[in-house]
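Report on the structure given below.
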Amino acid sequence: MSPHSTNRQHAIVMGGSLAGLLTARVLSKHFEQVTIVEKDRVNHRPESRLGQPQTQHLHGLLASGLQVMTDYFPDLPEALVENGAMMSDFAESMRWYIYGGYRSPFKIGFPVTTMSRGLLEHLIRDRVLALANIQLLDQTTVKELQTNIDQSRVTGIKIEQQGAETNSNILTADLVIDATGRNSRSFQWLCDLGYKTPAESKVHVNVRYATQIYHRDAQDRRSQTWILNTPDASKQTNFGAILPIEGNRWIVTLGNWHTDSLFETLREQPLITESNFLDFAHSLEGGDIFDLISQCKPLSGVIPYKFPFSLRRHYERMNQFPLGYLVLGDAVSSFNPTYGQGMTVAALEVVKLDRLLTNNITPTRLAKTFFRQIAKVIDIPWQLSVGEDFRFAQTTGAKPIGIDFINRYVARVHRSTLADVVVGEAFLKVMNLMAPPISLFYPRIMWRVFKN
C-alpha cells in the first residue's frame, strides 16, 4: 500500500495545540491532505489562547521530547535559540533543592531547553502550516462525529465555523484523530454511538499554583540557571520553580499539593497579590527563588491555576472501537503538570502513529494496535508522576501496588543525588524518559544509594 493510496486521501486532526500540530506533521507524510480543526482563533505569533489556560504557566520540555521534535523539525533547536530560548546542559545548569540540600550539578550531555509554551507552539505551528498539504480551520467547533450506517466507522466530522453563512458543514475523512486535550468529548461521542466508554484511572492531587513573569538580567550569573524547589512530602507540600525564557524574562511558578496556603487570599479578594506571591516564595527552604525574584521587576500579574486530578483513559482495554478514529495526547492521559511530562508524552505517541502508518497497518488493526502501543508509552510517566503524588498522604485514587515501598527507595535516591552524580545521572535519565525506572534498581545504582 503506498502512502497516498485511496484510503489515505484526507485526515482530520481535532485540536490545534502542540499534540495536534505534531500529529498533523506525521499525517502529512501519509495522507494527501490534512486538516487541523481548532475552536479558538489562531494568530501567527506566540500566544496563550482562550482554550489554553495552562499555557500561561511554566512548561518543561524533557530531553526525549525535544529529540522527537527535532527529528520532525531539524531546525527547531536553532530557531528556539534565535528567538531567545535557553539551551544548556541539563544537569550542569540546574539549581535543584530537595530533601534539605541541592542535587550536585554535573555535565550529563543532553540539553535542557526553556522557553514559553507559546513560543514553542508558535515555532512548530509555523513549520507545520508551511507544509503544502496541511490546512488549518480555526474558530471552528466540532459538533459531532459522522459515521457509516452501522456506526462501525467514523467517516468525518460535523463542524460549525464562527461567522460562516451556513450553520454547519460536514468534513469527510479517511482518518479522524482527537487531540483536543483533557476536555475531549470522545468519551461522550463514543457513548452516543453505542460503544462502551473506556475505563478511567484518577489520582486526586489537588495541586494549586500561580505564575508570574519577571524581568531577567542577562548579566546576572544566574540568568542561564533553572531553579527548582521540591518538597519533602513527609513534612512539606509547597514547591516552586523558575525557568529563564525568551525576552530576557523569568517565568516563576509557586504552588502546593493538597493545601491552600497560596490561595487563602482568594476567599477575601479576587486575585493573588505580588506581596502574597513573594511571601510564599520566602517560605520555601533554600531561599533561591525569593532571593532572585525579590530583586527583579515583575512584568505581569499573578495568574492562578488549579489541577484537581490526573486522569488516564484506558482505550487500550476497549474490545470495540470505531474504524477511522484515534485519540491521543491529553485526551488519553492528563498528567499532573508539575512534572512537565505532557508535551513529551504526546510527542512519543505520534512517533508510534508514524511507525504504524509507515508499516501500512490495516485500518481494521490500527486503533487496537495504536492504543496498546501508546499505553506502553504512558505507563512509565504515569508510574513516575503517580508515584511522586502518592508521597503525600492526602493523595487518593488508583494507587499502584507496591508504591509505598518504591517511594521509600526513591526518597533515598533523591538524597543520594545531593552528593553522588552517578545516581544523579541515573535519576535524570529516568526523569527525561531516556531510561526505564527499573534502571534505578540496577545493582550498581542500588549499591551507591544504600552506601550514601
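- Atom CD1 of Ile124 is separated from atom CZ of Arg25 by 11.0 Å, given to the nearest 0.5 angstrom.
- Gln146 has its side chain out of reach of Ile157: every pair of non-hydrogen atoms, C-beta onward, lies at least 4.5 Å apart.
- One distance of note links OG of Ser152 with OH of Tyr195; it measures 5.5 Å at 0.5 Å rounding.
- Atom NZ of Lys39 sits about 15.5 Å away from atom CD1 of Ile159, to the nearest 0.5 Å.
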Could you give me the CA-CA distance, side-chain angles and deciding distance for Ser116 and His59, then say whether side chain to side chain donor-acceptor pair (under 3.5 Å) is met?
-> CA-CA 7 Å; Ser116 69; His59 274 69; over 6 Å; no
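- Relative orientation of the His204 and Phe309 rings is tilted, given thresholds of 30° and 60° on the angle between their planes.
- Between Thr211 and Val302 there is no side-chain heavy-atom pair separated by less than 4.5 Å.
- Taking a cutoff of 4.0 Å between a charged side-chain nitrogen and a carboxylate oxygen, Asp404 and Lys399 qualify as a salt bridge.
- The aromatic rings of Trp257 and Tyr339 sit tilted relative to each other, their planes meeting at an angle between 30° and 60°.
- Side chains of Gln188 and Asp192: a donor-acceptor N/O pair is present below 3.5 angstrom, by distance only.
- Contact of the Phe321 side chain with the Leu190 side chain is registered, since non-hydrogen atoms from C-beta on lie closer than 4.5 Å.
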Check against side chain to side chain donor-acceptor pair (under 3.5 Å), Asn336 and Asp389 | CA-CA 8 Å; Asn336 182 338; Asp389 288 330; 2.9 Å; yes
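- Side-chain atoms of Ser186 and Tyr325 form a donor-acceptor pair, as typed in the model, at a separation below 3.5 Å.
- When all heavy atoms are compared, the tightest approach of Phe187 to Pro198 is CE1-O, 3.5 Å.
- Ring pair Trp226/Phe90: centre-to-centre distance below 6.0 Å.
- Nearest heavy atoms, Val112 versus Ser93: CG1-OG, 3.4 Å.
- Residues Glu316 and Arg372 are not paired through a salt bridge, judged by the lack of any N-O separation under 4.0 Å between the basic side chain and the carboxylate.
- The shortest distance between side-chain heavy atoms of Leu27 and Ile177 falls below 4.5 Å.
- At least one side-chain heavy atom of Ser184 sits under 4.5 Å from a side-chain heavy atom of Asp178.
- Glu38 and Gly15 make their closest contact through OE1-C, 3.8 Å (heavy atoms, listed as atom of the first residue, atom of the second, distance).
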Residue pair Tyr409, Phe441: steps toward the ring-ring contact (aromatic ring centres under 6.0 Å, His included) verdict = CA-CA 9 Å; Tyr409 175 71; Phe441 292 85; 4.5 Å; yes
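- Side-chain contact between Asn229 and Ile227 is absent, with no heavy-atom pair separated by less than 4.5 Å.
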Walk me through it: do Ser300 and Tyr214 pass the test side chain to side chain donor-acceptor pair (under 3.5 Å)?
-> CA-CA 7 Å; Ser300 74; Tyr214 288 83; over 6 Å; no
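- Remark: Lys352 does not engage Glu349 in a salt bridge, criterion side-chain N to carboxylate O under 4.0 Å.
- Between Asn133 and Glu32 the shortest side-chain heavy-atom distance does not fall below 4.5 Å.
- Side chain to side chain, Thr55 and Arg117 fail the donor-acceptor criterion of an N or O pair below 3.5 Å.
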Start with the C-alpha distance between Asn83 and His122, add both sets of side-chain angles, then the distance that settles side chain to side chain donor-acceptor pair (under 3.5 Å), and finish with yes or no.
-> CA-CA 11 Å; Asn83 282 274; His122 166 68; over 6 Å; no
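- Aromatic pair Phe427/His414: centroids less than 6.0 angstrom apart.
- In this structure, OG1 in Thr141 is found 6.5 Å from CD in Glu160, a value given to the nearest 0.5 Å.
- Annotation: the span from Ser28 atom OG to Leu131 atom CG amounts to 5.0 Å, rounded to 0.5 Å.
- Side-chain atoms of Arg312 and Glu200, non-hydrogen and from C-beta on, never get closer than 4.5 Å to each other.
- Between Arg127 and Asp75, at least one side-chain nitrogen of the basic residue sits less than 4.0 Å from a carboxylate oxygen of the acidic one, meeting the salt-bridge criterion.
- By the neighbour-count criterion of 12 heavy atoms within 6.0 Å, atom CG of Asn319 is sparsely surrounded, having that number or fewer from other residues, nucleotides or ligands.
- Between the CD1 atom of Ile380 and the OG atom of Ser385 there is a distance of 12.0 Å, given to the nearest 0.5 Å.
- Heavy atoms only, all atoms of each residue included: Val377 and Leu348 are closest at CG1-CB, 3.7 Å.
- A donor-acceptor contact closer than 3.5 angstrom is absent between the side chains of Asn183 and Arg185.
- Asn432 places a side-chain N or O within 3.5 Å of a backbone atom of Leu428 that can act as its donor or acceptor partner.
- Taking the six-membered ring for Trp and the full ring otherwise, the centers of His10 and Phe31 sit at least 6.0 Å from each other.
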